[in-house]
K.L.:
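Provided herewith is a single structure, encoded as structure tokens, for subsequent inquiry.
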Number of protein chains: 2
Amino acid sequence: MGTTTPAAVPEPKYWHLKSVLSDALESDFEVGEILPNERDLAARFGVARATLRQALDQLELEGRLQRRRGVGTTVAPPRVGVAVGDTEPRWPGDSDEAWEPVGYVEQQPPAAVTRLLGAAADDKVHVVRRVRARHGQPVAAELVYVPAASVPGLTRIDAEGPALARAVLRELQRLELQGQERTVELGSATADDAKELDRLPGAPVLVVTARYTSGDATAAVAVGTYRADTCRLTFGEDGGLLAG
Amino acid sequence: MGTTTPAAVPEPKYWHLKSVLSDALESDFEVGEILPNERDLAARFGVARATLRQALDQLELEGRLQRRRGVGTTVAPPRVGVAVGDTEPRWPGDSDEAWEPVGYVEQQPPAAVTRLLGAAADDKVHVVRRVRARHGQPVAAELVYVPAASVPGLTRIDAEGPALARAVLRELQRLELQGQERTVELGSATADDAKELDRLPGAPVLVVTARYTSGDATAAVAVGTYRADTCRLTFGEDGGLLAG
DNA sequence: TAGTGGTCTAGACCACTTT
DNA sequence: AAGTGGTCTAGACCACTAG
């Protein structure tokens, strides 16, 4: 028998569909424009709605689409560059893109954070919740874990919510933090994060874990969750060409 | 009418299922252990297979599970820390975790890369494919775009594949690169990337775009795709506590 | 109230790996 | 050949938004 062609693995329908839609997004639609609804699109391409949704899921994961329940599917703007590099240690900051403390959380740090805090985790750990927005849209929610030992000067423990949160961060800021140790991984939004980020629980997020050191010790640990659909994290000497 | 409870939004089945499975993974299973197959699991929890798969999808996205067609679903080991920070500019390196050039690609850079290369994109651009492995498993595939102007000393353009790839990188290494400009965003693996990473097309990846500068000009641009399921990217002064 | 995306079902077949 | 995960269907109902 003659050698046949290498079998030509059939491309999944949703994969092909994604390419077609991707091309159409570039040539036939403007940013912000509403696409036909899923039932119409599925019919138009002759596939089941679930199959169409597989293609849309991927495009949304890549930040090309934005879907809102009860409203529709729109073409997403390019991802916004969010700096998480050297610029961050000036904690509160005051630009439009700064973090906004929203509350003081009463809870135990998760095991992974406790490990990073080391010995400092033995005593009380302050937990501050803060959020970050760009162009009016929330892009990140963060929990900052600060061992009481790191902020001995903290007074007004009687304050509440945002006020107490600010007090903790203000004290932390007095330390000379040289923490440049960070990790980035993929995660899915918890119910709490989802609420802050205006997304559904389980939405894909980029989890940024930062360890701030003062001398040799861990002064604080921050775990930030960034909306993976809308954010492009930028590192290094402040933006540059990649900042977008 | 009396005030009723705040409606108590029903938690999606797959969301609850995920929590249950997540707990079970920690208490009842060892890393590498094989879970019951999807049909059994679905029956055990009294849900459709598609619903169970939604839960498994999320756990896989978080790096808790590993699924292999024809084999089964296993409990994944903790994510491996992969350094993408200051340590990288020593390009080839020779440790176990180094990049391995695998070929020289004949193709035009995508528009986004051309933009980053600036004027240098006008002449020929060398494109090198390289991969990176940890513990025998591939973790990243990268395309390095090097304008011909950046490597004037390049000879042996007659070489092929890996040999030519090495030649290009060797020449690039002669420059004093100070590029610390990087971005990280979520993407899905192309067919090519998927093959290198031993995953299916569309698998979630962390896309790291690096711009290497020499003086003021862009000397090269690298676009790396890291397996989001198995990798935790580490930045900053070489690992430290977060490296894991 | 009508229309949207989100969840869920109960099946079927396919691609792949192992035996 | 048997068993696994991956794809696909054709429905149904729910949660949410807007007119």
Side-chain angles (χ1 to χ4, degrees), chain A residues 6-19 21 33-61 64-76 188-189 191 194-195 198-204 229, chain B residues 6-19 21 33-61 64-76 188-189 191 194-195 198-204 229:
Chain A
V9 177
E11 197 176 43
K13 272 189 189 177
Y14 77 91
W15 187 252
H16 175 247
L17 205 50
K18 182 193 154 194
S19 314
L21 288 169
E33 197 173 344
I34 296 188
L35 270 61
N37 72 52
E38 297 183 348
R39 291 165 180 84
D40 284 353
L41 277 179
R44 183 174 315 187
F45 288 106
V47 300
R49 190 178 158 218
T51 303
L52 173 81
R53 279 180 60 81
Q54 252 184 299
L56 294 183
D57 285 345
Q58 282 219 7
L59 289 170
E60 192 182 25
L61 198 76
R64 310 278 309 274
L65 292 179
Q66 195 165 345
R67 294 193 278 187
R68 276 173 301 174
R69 175 157 37 176
V71 179
T73 301
T74 56
V75 180
S188 47
K195 187 172 297 182
D198 191 26
R199 298 247 57 196
L200 292 178
D229 56 342
Chain B
V9 176
E11 195 176 44
K13 273 189 187 177
Y14 78 90
W15 187 252
H16 175 247
L17 205 50
K18 182 193 154 195
S19 315
L21 287 169
E33 198 173 343
I34 297 188
L35 269 62
N37 72 54
E38 296 182 349
R39 291 164 180 84
D40 283 354
L41 277 179
R44 184 174 314 187
F45 288 106
V47 299
R49 190 178 157 216
T51 303
L52 173 80
R53 278 180 61 81
Q54 252 185 298
L56 294 184
D57 284 346
Q58 282 221 6
L59 289 170
E60 191 182 26
L61 198 77
R64 310 279 308 275
L65 293 179
Q66 195 166 347
R67 293 194 279 187
R68 276 173 301 177
R69 177 159 34 175
V71 179
T73 301
T74 56
V75 180
S188 48
K195 189 172 295 183
D198 192 24
R199 296 247 59 194
L200 291 179
D229 57 341

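Chain letters run A, B, ... following the sequence lines, proteins first and then strands; every chain starts at 1.
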K.L.:
Could you state the atom-to-atom distance from CZ of A:Arg69 to C1' of D:dC14 in whole Å?
P.N.:
8 Å
K.L.:
Rounding to an integer number of Å, can you tell me how far A:Ile34 CD1 sits from C:dT4 C1'?
P.N.:
10 Å
K.L.:
Which heavy atom of B:Arg49 sits nearest a heavy atom of B:Ala42, and at what distance?
P.N.:
CA-CB, 3.8 Å
K.L.:
When the distance from CG of B:Asp40 to C1' of D:dT4 is rounded to whole Å, what number comes out?
P.N.:
11 Å
K.L.:
When B:Asp229 is tested against each of B:Gln66, B:Arg199, B:Arg67 for side-chain hydrogen bond (donor to acceptor under 3.5 Å, both in side chains), which residue passes?
P.N.:
B:Arg199
K.L.:
What nitrogen or oxygen pairs link the protein and nucleotides 8-11 of chain D at under 3.5 Å?
P.N.:
residue	atom	partner	partner atom	Å
D:dC8	OP1	A:Lys13	N	2.2
D:dC8	OP2	A:Tyr14	N	3.2
D:dT9	OP1	A:Lys13	NZ	2.9
D:dT9	OP2	A:Ala48	N	2.8
D:dT9	OP2	A:Thr51	OG1	2.4

K.L.:
A:Asn37 side chain N/O closer than 4.0 Å to the phosphate oxygens (OP1, OP2) of C:dG3?
P.N.:
no
K.L.:
Can you tell me the distance, in whole Å, between the CD atom of B:Gln66 and the P atom of D:dT4?
P.N.:
18 Å
K.L.:
Could you check how far CG of B:Leu65 sits from P of D:dG6, rounded to whole Å?
P.N.:
11 Å
K.L.:
Identify the heavy atoms of A:Ala189 and A:Ala194 that sit nearest to each other, and give their distance.
P.N.:
CB-N, 4.1 Å
K.L.:
Touch check for B:Arg68, heavy atoms < 4.0 angstrom, all strands: base, sugar-phosphate only, or nothing?
P.N.:
sugar-phosphate
K.L.:
Hey, are the side chains of A:Arg68 and A:Thr74 touching, using non-hydrogen atoms and a 4.5 Å cut-off?
P.N.:
yes
K.L.:
Whole Å only: how far is the CG atom of A:Leu41 from the P atom of C:dG6?
P.N.:
13 Å
K.L.:
Would you say a side-chain N or O of A:Arg67 is under 4.0 Å from OP1 or OP2 of C:dG6?
P.N.:
yes
K.L.:
Could you tell me how far apart B:Leu56 (CG) and D:dT7 (P) are, to the nearest whole angstrom?
P.N.:
14 Å
K.L.:
Specify the separation, in whole Å, of atom CG of A:Leu59 and atom C1' of C:dG5.
P.N.:
16 Å
K.L.:
Between A:Thr51 and A:Phe45, does a side-chain contact (heavy atoms from CB on, under 4.5 Å) hold up when you go through it step by step?
P.N.:
CA-CA 10 Å; A:Thr51 303; A:Phe45 288 106; over 6 Å; no
K.L.:
Base of D:dG5, side chain of B:Arg39 - is there a donor-acceptor contact under 3.5 Å?
P.N.:
yes
K.L.:
Kindly indicate whether the side chain of A:Thr73, heavy atoms from C-beta on, has any atom under 4.5 Å from the side chain of A:Leu41.
P.N.:
no
K.L.:
CG/A:Leu35 to CG/A:Asp40 distance, rounded to the nearest 0.5 angstrom?
P.N.:
11.0 Å
K.L.:
Under 4.5 Å between any side-chain heavy atoms of A:Pro12 and A:Gln54, yes or no?
P.N.:
no
K.L.:
To check you understand the geometry: which heavy-atom pair defines the closest contact between B:Ser188 and A:Lys18, and what is its length?
P.N.:
OG-NZ, 3.4 Å
K.L.:
Runs of at least three consecutive Watson-Crick or G-U pairs, both distances under 3.5 Å, are what I'm after; which ones involve DNA chain D?
P.N.:
C:1-18 with D:1-18
